[in-house]
Engineer: 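I have a structure here, written as structure tokens, and I will follow up with some questions on it.
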Amino acid sequence: MGVLQTSGRFRPDRSAGSDEPSAVGNTAQDAAGRLEPEACPTALWLTARPRRHQPTPVAANAASALASRLNWLRAGVLGANDGIVSVAGLVIGVAAATPTDTAAIVAAGVAGVLAGAVSMAAGEYVSVSTQSDTERAYVARQRAELDADPAAGVDSLAAHYRAKGLSDETARRVARELTVHDAVGAHLEVELGLREDDYTNPWHAAFSSAVAFVVGSVLPMAAILLLPVGIKIPLTFGAVLVGLALTGGVSARLGGAPIRPAVVRNVLGGALAMTVTWGIGHLIGVAV
């Protein structure tokens, strides 16, 4: 009986009195086609090994949903960070000018929270809407180009996969199969890393940013209003720095970046902002 060795050779069994391969060996050789004298062991392993962990549409959708949630969470942390810094700088500046005037501090803090939340929401809505409109326009343009010249689309995909290291024949085969399956989707994924149905909702982005800003502003507002007059500014300063360290660390962790540099940048930026506003408020208070 013929045996297929791992090196790729076809070794026929030979009986003691015959120099010809057995009939079973001939059948196996014919069914397999022509076997190369020395087949690549890696190629044989790839073809013989059962394929596992192949991406499925469900898995791809789950990965996209997870990435989207992580992006929203990271944006929320950054929005909270903005709320902490903006409102802390404002109330510390007012407290430095009029440390005993609680009404003025409350009015300035509330005004800062509302203005900041609305500003964040409006900015996020405009930004995400512009991005979404741009993506939709690109999809429409890509679809029109592929309808007008499908062959050019296949050539473009093949060139991309050749640049990734595939042979010309394999790259063109992949490009043709992807084009038959979903030409527009294939080009969007290759060129932009985008899915056709994966557009960000600007209203969700606006609401998330506003809520995150308000949540972040609670820390400096609570500290400046609840602490005694004599120590409210330094303790608010310290509480805000701790909050900034937390948001900097969380945002870096979500983004996969080193935590220490992110925390240092966040804390130094917040400290600078509060120092400047405290200095201005103190000068104004002394002048008055």
Side-chain angles (χ1 to χ4, degrees), residues 63-96 105-131 200-227 231-281:
S64 177
L66 177 61
S68 178
R69 285 195 296 270
L70 289 176
N71 286 335
W72 282 116
L73 183 57
R74 188 166 181 268
V77 171
L78 295 177
N81 185 81
D82 289 342
I84 294 173
V85 175
S86 300
V87 176
L90 183 59
V91 296
I92 285 178
V94 175
I105 297 174
V106 171
V110 171
V113 171
L114 294 178
V118 173
S119 175
M120 288 287 292
E124 196 71 14
Y125 178 84
V126 171
S127 175
V128 173
S129 294
T130 301
Q131 176 184 342
T200 304
N201 189 317
W203 289 109
H204 291 171
F207 179 76
S208 298
S209 296
V211 170
F213 187 93
V214 172
V215 170
S217 68
V218 170
L219 175 62
M221 284 291 292
I224 203 73
L225 294 177
L226 298 178
L227 293 172
I231 58 174
K232 68 169 54 179
I233 291 179
L235 288 186
T236 299
F237 200 98
V240 167
L241 293 184
V242 172
L244 292 176
L246 290 175
T247 56
V250 172
S251 63
R253 183 69 178 271
L254 292 175
I259 294 177
R260 185 175 178 179
V263 170
V264 171
R265 287 193 301 266
N266 221 27
V267 170
L268 289 179
L272 177 61
M274 289 185 291
T275 301
V276 170
T277 57
W278 174 85
I280 295 174

Engineer: Do L225 and K232 have side-chain heavy atoms sitting under 4.5 Å apart?
Structural biologist: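 Answer no - side chains too far apart.
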Engineer: Kindly compute the distance separating CG (L246) from CG (N81), expressed to the nearest 0.5 Å.
Structural biologist: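 Here the interatomic distance stands at 10.5 Å.
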Engineer: Under 3.5 Å, side chain of S217 to main-chain N/O of V214, donor-acceptor pair present?
Structural biologist: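 Between the backbone of V214 and the side chain of S217 there is a qualifying donor-acceptor contact (under 3.5 Å).
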Engineer: Is there side-chain contact between V128 and W203, with heavy atoms separated by less than 4.5 Å?
Structural biologist: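 No, every pair of side-chain atoms sits at 4.5 Å or beyond.
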Engineer: Quick one: pull up CD1 in I280 and OG1 in T275 and give me the separation to the nearest 0.5 Å.
Structural biologist: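 Between I280 CD1 and T275 OG1, I get 11.0 Å after rounding to 0.5 Å.
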Engineer: State the OG-CZ distance between S119 and F213, to the nearest 0.5 angstrom.
Structural biologist: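 Taking OG in S119 and CZ in F213, the distance rounds to 8.0 Å.
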Engineer: Does T277 reach the main-chain N or O of M274 with its side chain, forming a donor-acceptor pair under 3.5 Å?
Structural biologist: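 Flag set: sc T277 to bb M274 pair under 3.5 Å.
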Engineer: Atom CE in M221, atom CD1 in I84: separation rounded to 0.5 Å?
Structural biologist: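 Between M221 CE and I84 CD1, I get 14.0 Å after rounding to 0.5 Å.
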Engineer: S251 side chain to G248 main-chain N or O, any donor-acceptor pair under 3.5 Å?
Structural biologist: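 At least one qualifying donor-acceptor pair exists.
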Engineer: Has the side chain of S127 got a donor or acceptor atom that lies under 3.5 Å from a matching backbone atom of G123?
Structural biologist: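 No, the answer is negative, given that no donor and acceptor are paired below the 3.5 Å cut-off.
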Engineer: Could you report the tightest heavy-atom contact between P202 and S129, atom names first, then the distance?
Structural biologist: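 Answer, listing the atom of P202 first, then S129: CB-OG, 3.2 Å.
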Engineer: Examine distances only and state if a side-chain atom of T247 and a backbone atom of L244 form a donor-acceptor pair shorter than 3.5 Å.
Structural biologist: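 Yes, the answer is positive, given that a donor and an acceptor are paired below the 3.5 Å cut-off.
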